[in-house]
Amino acid sequence: MADAADSRWMAQALRLAERGLYTTSPNPRVGCVLVKDGAVIGVGWHERAGEPHAEVHALREAKDAARGATAYVTLEPCSHHGRTPPCADALIAAGVSRVVVAMQDPNPLVAGQGIARLSAAGIEVECGLMEAAARELNIGFCSRMTRGRPWVRSKIGMSLDGRTALANGVSQWITGAAARQDVQRWRARSCAVLTGAGTVLADDAQLNVRSVETPRQPLRVVLDSELQMSPSARILQDGGVVIYTAVQDAEKIAALEQMGATVCLSPDAAGQVDLDAALSDLARRGCNELLVEAGSTLNGALLKAGLVDELLLYVAPQLLGDAARGIAALGELTALDQRVDLEWQDVRQVGNDLRITARVKN
């Protein structure tokens with residue numbers, strides 16, 4: 001049974017896993033600590049897809065001392081051959097005597113098989129220590145594996161009275177510099193950033209990561225039902241853009257693809273982009289966490305479709321009035337049971353603004 005020392009070492013493994021926050025996609029963020037006779041003999045974390053996993057790094061550091069040690073791993077050791085060999089086999093070969101796992105791997109290719117392989121080799125295995133923290137760290141990976149779509153996080157900058165722009169569309173800047181810098185970190189950890197064609201046309205935003213050190217840029221995704229985007233839009237300049245549309249316009253598609261964009265035809269019955277299909281396609285592309293930075297129309301459509309998991313609200317200490325634009329076009333609600341219920345997760349001050357994290361109740 002896990003004790004205080006086990007919690008201490010698992011907490012260290014979780015901190016190691018966090019080092020891969022911006023780098024591991026589409027793989028999960030995983031940390032490992034090897035302990036023997038009350039002392040750490042090896043540590044590791046998964047840094048990038050295709051490179052050695054956390055357990056391998058820790059075992060390389062521990063060398064022969066790993067025999068008889070306890071391994072603390074934030075995610076069940078893999079049991080299948082992917083781009084790297086199974087970590088469960090590496091732990092068995094190294095001779096560890098005990099493995100403490102935070103959570104079972106939601107990947108169907110593993111899903112308990114790694115634990116079963118360790119147990120069959122005579123290794124004591126315990127699972128579930130600090131599971132909530134481990135799951136939170138890989139909330140997008142878990143979503144992709146269990147639901148077939150990314151974890152959808154909608155970022156909204158707003159006034160205290162819930163307005164995102166003046167009636168004429170002017171919105172720069174409602175929130176302050178510190179809040180905008182904080183958004184860069186959320187972009188950096190996301191696999192993709194999604195917006196609508198209206199935002200591209202109005203702001204000509206690039207939606208890339210700036211002023212945060214990261215080895216990769218997130219995929220940029222635009223929902224453009226009628227292919228209104230111009231091939232000269234700044235978002236297309238650096239490549240790495242996927243456009244979902246509902247119209248088969250060969251000339252426009254060719255112009256966008258010439259700029260390096262990938263155009264996907266995905267219409268729904270109403271002639272708009274099929275939101276479910278687009279998110280499923282992003283999951284197939286390895287997208288774990290999706291950050292939405294869009295206007296009220298797309299925010300409202302995603303919320304009404306039940307596709308938003310989390311709201312990241314930056315609230316400025318100002319009032320913009322009744323005529324200003326709201327955060328989500330939900331239409332008129334005629335009964336309270338039509339409302340979108342939220343659960344508060346976190347509230348903190350960022351510069352002069354508040355950052356509120358709220359999750360949509362199922």
Side-chain angles (χ1 to χ4, degrees), residues 21 136-137 139-140 143 149-167 169-196 198-199 202-203 205 207 209-212 218 220-221 223 275 279 288-331 333 336 338-362:
L21 193 65
E136 192 69 28
L137 186 61
I139 197 164
S143 175
R149 67 176 180 86
W151 179 262
V152 178
R153 182 180 289 120
S154 186
K155 185 278 296 182
I156 301 171
M158 55 186 276
S159 62
L160 187 59
D161 54 349
R163 304 296 172 174
T164 61
L166 300 179
V170 173
S171 62
Q172 295 182 343
W173 296 102
I174 293 175
T175 54
R180 297 195 296 274
Q181 174 65 23
D182 194 59
V183 171
Q184 295 297 316
R185 289 186 280 271
W186 289 97
R187 283 185 186 176
R189 70 172 285 171
S190 301
C191 301
V193 180
L194 179 145
T195 194
T199 299
D203 300 337
L207 297 181
V209 177
R210 302 179 296 276
S211 66
V212 173
R220 271 81 54 78
V221 182
L223 303 189
L275 299 177
L279 293 185
N288 294 330
E289 295 183 24
L290 176 65
L291 182 67
V292 178
E293 298 192 39
S296 62
T297 300
L298 181 51
N299 281 328
L302 288 166
L303 282 165
K304 286 190 288 186
L307 297 174
V308 176
D309 298 302
E310 186 170 272
L311 295 177
L312 192 63
L313 304 171
Y314 291 88
V315 185
Q318 55 191 252
L319 302 174
L320 295 183
D322 294 348
R325 300 180 182 182
I327 68 173
L330 296 175
L333 305 186
L336 284 178
Q338 298 171 340
R339 67 196 173 196
V340 177
D341 286 322
L342 307 173
E343 294 179 329
W344 303 124
Q345 297 294 309
D346 183 72
V347 179
R348 65 186 64 195
Q349 187 164 348
V350 179
N352 291 325
D353 305 314
L354 292 181
R355 189 187 76 197
I356 300 173
T357 307
R359 291 194 176 157
V360 179
K361 288 186 177 180
N362 292 331

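Counting begins at 1 with the first residue of the sequence.
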Please name the pair of heavy atoms, one in [X] and one in [Y], separated by the smallest distance, quoted to 0.1 Å.
{"X": "Gln318", "Y": "Ser159", "result": "O-CB, 3.3 Å"}
{"X": "Ser143", "Y": "Trp151", "result": "OG-N, 3.5 Å"}
{"X": "Arg149", "Y": "Gly306", "result": "NH2-O, 3.8 Å"}
{"X": "Ala316", "Y": "Ile174", "result": "CB-O, 3.4 Å"}
{"X": "Gln184", "Y": "Arg210", "result": "OE1-N, 2.6 Å"}
{"X": "Arg339", "Y": "Leu333", "result": "CA-CD1, 3.8 Å"}

No-hydrogen, no-angle side-chain donor-acceptor test under 3.5 Å, Asp353 and Thr175: no

With a 4.5 Å heavy-atom cut-off, do [X] and [Y] have their side chains touching?
{"X": "Thr195", "Y": "Leu298", "answer": "no"}
{"X": "Ile156", "Y": "Leu312", "answer": "no"}
{"X": "Ile327", "Y": "Asn299", "answer": "no"}

Taking everything shown except [X] itself, do over 12 heavy atoms lie less than 6.0 Å from its [atom1]?
{"X": "Leu336", "atom1": "CG", "value": "no"}
{"X": "Asp322", "atom1": "CG", "value": "no"}
{"X": "Asn352", "atom1": "CG", "value": "no"}

Chi angles and distances behind the side-chain contact (heavy atoms from CB on, under 4.5 Å) call for Ile139, Arg153: CA-CA 11 Å; Ile139 197 164; Arg153 182 180 289 120; 4.2 Å; yes

Leu307: which of Val292, Leu302, Leu290 passes side chain to side chain contact (heavy atoms under 4.5 Å, CB included): Leu302

Nearest-0.5 Å distance, [atom1] of residue [X] to [atom2] of residue [Y]:
{"X": "Leu342", "Y": "Leu313", "atom1": "CG", "atom2": "CG", "result": "8.0 Å"}
{"X": "Leu223", "Y": "Thr297", "atom1": "CG", "atom2": "OG1", "result": "12.0 Å"}
{"X": "Ser154", "Y": "Leu291", "atom1": "OG", "atom2": "CG", "result": "7.5 Å"}
{"X": "Gln338", "Y": "Leu330", "atom1": "CD", "atom2": "CG", "result": "10.5 Å"}
{"X": "Arg180", "Y": "Ser211", "atom1": "CZ", "atom2": "OG", "result": "10.5 Å"}

Taking [X] for its side chain and [Y] for its backbone only, find out whether a donor-acceptor pair lies under 3.5 Å.
{"X": "Gln181", "Y": "Val183", "result": "no"}
{"X": "Asp309", "Y": "Val152", "result": "yes"}
{"X": "Arg355", "Y": "Val350", "result": "no"}
{"X": "Asp161", "Y": "Leu319", "result": "no"}

For Arg325, all residues meeting side chain to side chain contact (heavy atoms under 4.5 Å, CB included), sequence neighbours excluded: Thr164, Ala165

Test: Lys155 and Glu293 ion pair at under 4.0 Å: yes

Step-by-step side-chain contact (heavy atoms from CB on, under 4.5 Å) determination, Thr357 to Arg348: CA-CA 9 Å; Thr357 307; Arg348 65 186 64 195; over 6 Å; no

